[in-house]
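Below you'll find the structure, written out as structure tokens, and then a few comments.
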Amino acid sequence: MREPRAVRLVVTAVSVGVLLVITFACGSDELPSKIEIPGNGKPDGGAKPVFCTTNTECTPPKVCVGGQCQVPVETPDAGEDDSASGDGGPEDRGTADDGTMGGDASDASNPSDGSRDGGFDASADSGTDTGHDTGHDSGFDAGKDAGADAGGCHAGNCPGGCCAGTSCLGGTGDGNCGTGGAACTDCKSQGKMCLNQTCENPPACNKTNCGDGCCDPAMVCQAGSADTMCGTGGNSCQDCTANGGECTANKACVACNAQTCPDGCCRTDKSCQSGDQRNECGTGGVACADCAAQKLLCIGEKCAACDGTNCPAGCCDSNGVCQPGDQNDVCGNAGAACSNCSSAGKTCFQKQCEPCGANTCPGGCCDASGKCQAGDTNDKCGSGGTQCINCIFEADKVCSGNACKPCDGTTCTNGCCDGSGVCLAGTSNTACGKGAACTDCTATGKTCSAEQSCVACGASNCANGCCAGDSCAAGTAASQCGKGGTPCTDCTAGANKYCYNGACAPCNANTCPNGCCDASGSCQAGSADTQCGKSGVACQDCNPSGTQRKCVTQMCKCDRTLCKNKSSWNCCDTSTQQCVDGCDPDHCGTYGDPCESCGSWDCCDWGSQSCMSYCNSECW
């Protein structure tokens, strides 16, 4: 026989807002003899109960038991907790979850247990299991077994998620789904998804859950990039291969066939082409053919050989291409193979290779190899397709107007005639001249100038300077500027007044490195107050409107004396070199001294014009 035990039956009376606590002895045939009603002036001190519905509303280690936050206390039990263990014994048949006191027909009929079970178990199990054991098992055992251990996971510390061992997870992942501190469930192993923290069958594929892909016939979302499953936006997947197409990068079917490309041919990228190009030839949606690779032509959107039919007005080259046939290297007609007339020493005339003559070289002459020449040089002179003449070996030494003529000012206008009547360039020191007989400048100790005349000074004897008459000058002076033996130039007469590197140049850092350039382009010393500057910059007037500046070391700077004389209240701003009023916190000072910049917590005292703390009343 079990020992008597103390049991508390907790019943929430919602209508009156009080909590009834019934205490009775196990094994008694009488009804409970003691009822405590907290919060109504009884010996419990009148404290109002803390009502709850879940453990999360209680402060650990308390749990919600019968609507109150309580610290779990296990009541001694002779044996085991039948209601918690669920052993299916007779004493547990009267488990009324609604907390009402009821009887157990089986227990009441038992002579030995009738009074005990009928009077105790029926009411104790139905009331106590709900009020105590249920709260005890779910609140205490769960709190004790799962939460008492440090770091444990249970409903009390993981109400919104699920427990994976001792860790509390969010409970929203397909592999870890659940809530209320229950053990996490792997929905994926069931072929389901975690929706609202519960494993459910996946929803049907649609634009919302498959926006980047397409839905297959089984309403499963696919990537949409496969040729057989192509699409996006949650639309139905398309089988591009059914129409001879493929799925493009933007997940759209592109097909090229007789229906989509009836008048052209299909490229490998499934695009429709006109079909009349040599490397893309075809019609009726067939694959484009590369006729060029076969040395064929694309005629009527079909590959065909180059012949008299396809190339009646030209010739066919080695690549099977129809050429006009009127060039020396591709000459021919009526679809014949093109000929290279040049290699045979001939010329293409009326699409036939002919030797050099009046027909093939009407404006020039034919040289010894049979090629047509212009006929205007001394060694190859002639016209009308005649044989070229070398005038040097003829009595007439100059080729003028495609004919050999005597050397004179008419036939040798750009050079000079030597002793044998040959027209020379006229630029050498031994044969210098233009339109007349050549002169040997070396005989008089002179050189041939660029003007093709003998001079005492020239490029040969004055390469690093310039020639001032017969004299070689350095070429660096503004009045005598130049190099390479050219005539010297007077730069002072023009806008570019200075000589730099043998040429006239304007005033700048190169021509005026130690001064400044004035408005007229002249280089000044740069030390005057009205013309201040250096390194070829534009000259500055340091005091154009009473700015109290002077030129110091070729720079305009604020002058203390001038600034002071203007006003004793002024100071010199060293950053701008200006004389400014000295009563500003950023420009504080007097008597033309350098301005001081006051700190963020200072001001410029109007009396002394010096920086002073804001704490000084004179700042206000």
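All values derive from a computational prediction rather than experimental measurement.
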Correct closest heavy-atom pair for Asn510 and Asn508 would be N-OD1, 2.8 Å
Using a 3.5 Å distance criterion without hydrogens, assess whether the side chain of Lys251 forms a donor-acceptor pair with backbone atoms of Asp212. yes
Does Cys230 form a disulfide bond (SG atoms under 2.5 Å apart) with Cys253? I'd like the steps, not just the answer. CA-CA 7 Å; Cys230 184; Cys253 283; 4.1 Å; no
OG/Ser318 to CD/Gln323 distance, rounded to the nearest 0.5 angstrom? 9.0 Å
Pairwise distance SG(Cys572) to CG(Asp593) - rounded to 0.5 angstrom: 8.0 Å
Take Cys256 and Cys272 through the disulfide bond (SG atoms under 2.5 Å apart) test and state the conclusion after the steps. CA-CA 6 Å; Cys256 184; Cys272 180; 4.7 Å; no
Run the numbers on Arg560 and Gln548 for side chain to side chain contact (heavy atoms under 4.5 Å, CB included), then give the verdict. CA-CA 8 Å; Arg560 181 179 184 277; Gln548 289 72 48; over 6 Å; no
Do any pairs count as a side chain to side chain donor-acceptor pair (under 3.5 Å) and have a residue in residues 277-298, sequence neighbours left out, and if so which ones? Arg267-Glu280, Thr283-Glu301
Looking only at non-hydrogen atoms, find the nearest pair between Cys177 and Cys187 and report the distance. CB-SG, 3.4 Å
In sequence, state the C-alpha distance, the side-chain angles, and the governing distance for Cys281 and Cys288, and then conclude on disulfide bond (SG atoms under 2.5 Å apart). CA-CA 5 Å; Cys281 186; Cys288 293; over 6 Å; no
Side-chain donor or acceptor of Asn319 paired with backbone N/O of Val321 under 3.5 Å: no
I need the Ser597 OG to Asp573 CG distance, nearest 0.5 Å. 9.5 Å
d(Cys240 SG, Glu246 CD) to nearest 0.5 Å is 8.0 Å
Drop me the distance from Lys188's NZ to Asn176's CG, to the nearest 0.5 angstrom. 8.0 Å
With side chain to side chain contact (heavy atoms under 4.5 Å, CB included) as the criterion, how do Asn570 and Asp581 come out once you've worked through the C-alpha distance, each side chain's angles and the decisive distance to 0.1 Å? CA-CA 5 Å; Asn570 289 349; Asp581 181 74; 4.2 Å; yes
Chi angles and distances behind the disulfide bond (SG atoms under 2.5 Å apart) call for Cys542, Cys556: CA-CA 5 Å; Cys542 295; Cys556 289; 1.9 Å; yes
Identify the heavy atoms of Gly285 and Cys266 that sit nearest to each other, and give their distance. O-SG, 3.3 Å
Output a table of donor-acceptor pairs, distance under 3.5 Å, between side-chain atoms of residues 216-227 and any protein atom two or more places apart or on a different chain; print 'none' if there are none.
residue, atom, partner, partner atom, Å
Asp216, OD1, Ala218, N, 3.0
Asp216, OD1, Met219, N, 3.0
Asp216, OD1, Val220, N, 2.7
Asp216, OD2, Gln222, NE2, 2.8
Asp227, OD1, Cys247, N, 2.8

Before giving the answer on side chain to side chain contact (heavy atoms under 4.5 Å, CB included), spell out for Asp174 and Met193 the whole-Å C-alpha distance, their side-chain angles and the decisive distance to 0.1 Å. CA-CA 5 Å; Asp174 291 341; Met193 296 175 60; 4.0 Å; yes
Closest non-hydrogen contact found for Ala304 with Asn310 is CB-ND2, 3.8 Å
Any idea which heavy atoms bring Cys516 and Ala538 closest together, and the distance? CB-C, 4.3 Å
Tell me which donor-acceptor pairs under 3.5 Å the side chains of residues 195-204 have, and how far apart each pair is, sequence neighbours excluded?
residue, atom, partner, partner atom, Å
Gln197, NE2, Gly160, O, 2.9
Gln197, NE2, Gly170, O, 3.1
Gln197, NE2, Gly178, O, 2.9
Thr198, OG1, Asn196, O, 3.4

Just one of Cys158, Cys163, Cys162 clears the disulfide (SG to SG under 2.5 Å) bar with Cys168, so which one? Cys158
Minimum heavy-atom separation for Cys214 to Thr232, with atom names? CB-N, 4.1 Å
With respect to Cys604, which candidate in Cys583, Cys598, Cys588, Cys611 satisfies the disulfide (SG to SG under 2.5 Å) definition? Cys588
Hey, is Cys291 close enough to Cys303 that the SGs sit under 2.5 Å? yes
Checking Gln554 side chain against Gly533 main chain: does a donor-acceptor pair fall under 3.5 Å? yes
Ignoring hydrogens and angles, tell me if any N or O in the side chain of Gln238 forms a donor-acceptor pair with the backbone of Ser236 under 3.5 Å. yes
Inter-residue atom distance Met612.CE - Cys603.SG, 0.5 Å rounding: 7.0 Å
Just wondering, are more than 12 heavy atoms of other shown residues or ligands nearer than 6.0 Å to CG in Asp586? yes
